[in-house]
There are 2 protein chains.
Amino acid sequence: MAVDRDQVLRSAAALLTRKSTATMDEVAKAAGISRATLHRQFAGRDALVRALEALGIAECEAALDAARLDEGPARDAVRRLVRELEPAAALLAFLYTENQLFEGEEQNAGWTRIDERIAGLFRRGQRTGEFRIDLTPPWLTEALFGLLASGAWAVSEGRVARNDFTHMIVELLLGGALRREES
Amino acid sequence: MAVDRDQVLRSAAALLTRKSTATMDEVAKAAGISRATLHRQFAGRDALVRALEALGIAECEAALDAARLDEGPARDAVRRLVRELEPAAALLAFLYTENQLFEGEEQNAGWTRIDERIAGLFRRGQRTGEFRIDLTPPWLTEALFGLLASGAWAVSEGRVARNDFTHMIVELLLGGALRREES
DNA sequence: CCTGAATGAGACATGCGTGTCTCACGTGGT
DNA sequence: ACCACGTGAGACACGCATGTCTCATTCAGG
């Protein structure tokens with residue numbers, strides 16, 4: 001009776017994040033439904049990944065909105081953004097590596113908009129003099145996603161405590177590894 | 001005749017870095033040999049990936065040696081390390097994502113040693129007071145590989161100029177995005 | 001010139017994931 | 001109680017990459 005599509009999507013995301021080559025049968029079992037029903041919800045593996053991508057984009061944009069990127073100091077906006085993005089980090093890490101496979105096809109327009117909003121935040125920080133100008137906004141955006149993925153993986157491997165996730169990423173991204181003389 | 005095994009490995013690395021799902025047949029064609037010969041050199045796809053992993057480990061350790069990690073200020077050692085690692089970045093990016101698949105099996109001991117050497121460098125920097133102590137060496141190591149992979153991908157996508165590769169990674173890793181008042 | 005080793009081309013069987021279909025079962029609504 | 005709908009289970013064929021094998025060809029060395 002009306003399988004909870006969103007619930008299926010969540011469990012699929014949780015499984016594929018750990019094992020990106022999981023079979024449709026494994027995905028179905030993980031969701032507690034049969035392969036037939038899974039296939040009734042998502043036409044095929046490709047459709048499933050696309051749905052996951054749409055979910056990732058939606059969560060990203062929700063985080064972007066919740067972080068109020070254009071309010072206050074840019075550095076604080078970055079902190080809020082990473083904090084909001086944390087719950088979606090594992091899914092984003094999966095999609096980040098999965099995207100390498102879509103080499104031929106053009107990527108979903110949603111990512112372009114998200115990249116643009118984040119790059120805009122970094123540009124704002126550069127304009128106000130908060131951020132250095134020798135690191136380009138596109139690179140900072142790329143690095144943010146890369147660190148998000150690394151962080152998610154490090155947490156799942158037990159190399160970083162889950163509670164430190166946001167702190168590790170934000171501090172490295174903003175402050176770097178060097179000690180600062182001034183505060 | 002005696003097919004140049006190392007040459008085959010290099011071209012396989014170059015191809016798989018761009019298209020991680022490439023067929024054995026595609027790998028063979030890229031190397032300019034037949035699938036039969038490729039299979040005579042590497043028992044199967046698994047053996048090929050393992051060989052690639054061994055190559056990546058070897059290049060990493062060579063870079064580690066060339067960077068002389070225990071000489072001079074730790075920050076300079078990090079700069080040398082990234083510079084030495086740059087040629088191998090694409091291969092490492094491939095292996096970095098491929099490693100997610102080896103979930104069940106234990107990872108190659110070579111990576112453990114490499115991780116340990118790099119983490120040791122960060123620990124040394126913390127001891128000398130160069131690096132902040134709230135970012136753990138394992139996380140900095142993980143972040144270094146993550147940024148290396150992000151950088152390699154950004155370059156191949158044209159989002160970052162190839163010449164800026166080392167600078168972008170080193171500066172972000174060491175200094176972060178914030179402008180520093182003092183030099 | 002001859003022999004042998006290595007290579008390329010292709011055929012062939014196999015395993016695996018996938019997509020599709022059918023049918024029986026259980027549940028909810030009428 | 002009856003009917004309809006969604007579901008689970010399984011069978012089936014297909015596509016595709018893989019692994020293995022054979023055979024002709026080519027090139028190097030004796």
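Just so we're on the same page: letters track the sequence lines, and every chain starts at 1. Computed over heavy atoms, backbone and side chain alike; hydrogens, waters and symmetry mates excluded.
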Heavy atoms only: give me the nearest [X]-[Y] pair and the separation to one decimal.
X: B/Cys60; Y: B/Leu92; answer: SG-CD2, 3.7 Å
X: A/Leu172; Y: B/Ala143; answer: CD2-CB, 3.3 Å
X: B/Leu95; Y: B/Gly56; answer: CD1-CA, 4.0 Å

Is any side-chain N of the basic residue among B/Glu116 and B/Arg123 closer than 4.0 Å to the acidic one's carboxylate O?
->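 Salt bridge: yes.
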
Describe, in one word, how the ring planes of B/Tyr96 and A/Trp153 are oriented to each other, choosing from parallel (under 30°), tilted (30 to 60°) and perpendicular (over 60°).
->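 Ring orientation of B/Tyr96 relative to A/Trp153: perpendicular.
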
Among residues 6-14 of chain A, which contact DNA chain C at a heavy-atom distance under 4.0 Å?
->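 Those residues: none at all.
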
Check the distance between [N]'s [atom2] and [X]'s [atom1] and give it to me in whole angstrom.
X: B/Leu38; N: D/dA17; atom1: CG; atom2: P; value: 15 Å
X: A/Glu26; N: C/dC16; atom1: CD; atom2: P; value: 13 Å
X: B/Asp4; N: C/dA6; atom1: CG; atom2: C1'; value: 15 Å
X: A/Lys29; N: D/dG8; atom1: NZ; atom2: P; value: 11 Å
X: A/Ile33; N: D/dA9; atom1: CD1; atom2: C1'; value: 14 Å

In terms of side-chain heavy atoms, does A/Ser150 have a donor or acceptor partner in B/Glu142 at a distance below 3.5 Å?
->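 Distance-only check fails for A/Ser150 and B/Glu142.
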
Can you tell me if the side-chain N/O atoms of B/Thr37 get under 4.0 Å from OP1 or OP2 in C/dT7?
->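 False: B/Thr37 side-chain N/O out of range (4.0 Å or more) of C/dT7 OP1/OP2.
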
Reckon B/Ser34 has a side-chain N or O less than 4.0 Å from the OP1 or OP2 of C/dT7?
->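 For C/dT7, OP1/OP2 do not have a side-chain N/O of B/Ser34 under 4.0 Å.
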
Can you give me the N/O atom pairs linking the protein to nucleotides 18-25 of chain D at distances under 3.5 Å, or say none if there are none?
{"unit_1": "D/dT18", "atom_1": "OP1", "unit_2": "B/Arg45", "atom_2": "NH1", "d": "3.2"}
{"unit_1": "D/dT18", "atom_1": "OP2", "unit_2": "B/Met24", "atom_2": "N", "d": "2.8"}
{"unit_1": "D/dG19", "atom_1": "N7", "unit_2": "B/Arg35", "atom_2": "NH1", "d": "3.2"}
{"unit_1": "D/dG19", "atom_1": "O6", "unit_2": "B/Arg35", "atom_2": "NH2", "d": "3.0"}

Within a reach of under 6.0 Å around CZ of A/Arg68, are more than 12 heavy atoms found that belong to other residues, nucleotides or ligands?
->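 Check passes, neighbour count above 12.
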
Report yes if some heavy atom in the side chain of A/Phe145 is under 4.5 Å from a heavy atom in the side chain of A/Ile114; otherwise report no.
->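 They are in contact (side-chain heavy atoms under 4.5 Å apart), so the answer is yes.
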
